[in-house]
Amino acid sequence: AKKAKKPKDSSNELAVCRVLLADLEAHQDAWPFLSPVRHKSVPGYRKVIKKPMDFSTIKEKLTNNLYLNLENFIVDVNLVFNNCQRFNEDDSEIGRAGHRMRRFFDKRWTELLHLK
Ligand SMILES: Cn1cc(C(=O)NCCCNC(=O)c2ccc(F)cc2)ccc1=O
């Protein structure tokens with residue numbers, strides 16, 4: 001007989017998103033990413049970065065159930081780091097913070113996923 005497909009349990013995926021976001025926000029290098037970049041005080045930002053994203057916006061989307069699964073959430077978190085790499089020199093305060101935060105995130109979500 002055909003083996004029944006195990007239903008994907010997406011409920012705990014959103015719980016994992018909340019844990020991951022809390023960890024990101026608590027990180028000492030999170031300060032450039034906690035709120036949307038103020039494009040009025042950052043010349044060129046709006047022209048260069050087509051899809052701005054930050055941790056407070058991700059939190060808002062999570063609260064309003066706009067992430068259907070962990071994958072959609074990870075896409076937005078990576079957007080924060082890719083925007084940062086695009087706009088900032090690697091060897092700058094914010095550029096370095098972005099690299100450290102991306103490394104921390106990659107480590108953290110793989111840890112959480114291996115707990116399954
Ligand atoms: C990701 N990104 C951020 C900036 C940027 O200028 N971001 C604001 C820095 C100033 N914000 C703070 O210092 C702060 C914010 C919250 C907090 F709780 C403590 C300190 C510029 C280019 C860019 O690509």
Side-chain angles (χ1 to χ4, degrees):
K2 235 170 138 29
K3 189 154 169 26
K5 251 187 139 355
K6 212 167 37 132
K8 247 169 103 49
D9 174 12
S10 70
S11 63
N12 70 345
E13 282 193 9
L14 293 181
V16 167
C17 293
R18 281 187 204 93
V19 167
L20 284 169
L21 184 61
D23 291 345
L24 288 170
E25 290 172 326
H27 196 284
Q28 67 169 12
D29 293 318
W31 57 271
F33 315 106
L34 292 175
S35 43
V37 174
R38 303 172 58 77
H39 52 81
K40 288 196 180 63
S41 49
V42 183
Y45 197 81
R46 193 159 52 174
K47 186 94 184 83
V48 172
I49 300 300
K50 297 306 173 202
K51 291 169 73 181
M53 189 47 66
D54 71 283
F55 296 161
S56 70
T57 303
I58 290 174
K59 185 176 229 160
E60 197 61 30
K61 287 179 73 172
L62 203 49
T63 309
N64 300 338
N65 282 321
L66 295 181
Y67 293 119
L68 301 182
N69 52 39
L70 179 61
E71 200 224 331
N72 298 143
F73 169 81
I74 290 177
V75 164
D76 267 359
V77 174
N78 283 326
L79 182 56
V80 174
F81 302 141
N82 294 338
N83 288 344
C84 180
Q85 246 184 275
R86 185 115 187 254
F87 192 78
N88 302 277
E89 294 295 327
D90 289 339
D91 187 22
S92 68
E93 195 67 41
I94 291 179
R96 272 191 300 279
H99 287 297
R100 286 197 293 268
M101 289 303 293
R102 182 203 293 277
R103 266 198 308 276
F104 170 76
F105 179 67
D106 286 347
K107 183 170 145 297
R108 195 74 186 96
W109 78 258
T110 42
E111 273 166 11
L112 285 178
L113 264 282
H114 292 154
L115 287 183
K116 259 172 55 165

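Note that the structure is a prediction, hence the values are computed from the model and not measured. We count ligands from 1, going down the list as the structure has it; atoms in each ligand are counted the same way.
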Any donor and acceptor pair, going by atom type alone, linking the side chain of [X] with main-chain N or O of [Y] inside 3.5 Å?
X   : Y   : result
T57 : M53 : no
E13 : N69 : no
N83 : K51 : yes

Report every pair formed by an N or O atom of ligand 1 and a protein N or O atom separated by less than 3.5 Å, giving atom names and the distance to 0.1 Å.
residue: ligand 1; atom: 24 (O); partner: N88; partner atom: ND2; Å: 2.9

Would D90 and R96 pass as an ion pair if we require N to O under 4.0 Å?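 So D90 does not pair with R96 through a salt bridge.
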
Cut-off 3.5 Å, side chains only: do Q85 and R102 have a donor facing an acceptor?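 Checked: Q85/R102 side chains pair up, N/O donor to acceptor below 3.5 Å.
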
What orientation do F33 and F55 show, parallel under 30°, tilted 30 to 60°, or perpendicular over 60°?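 Ring orientation, 0 to 90° scale: tilted.
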
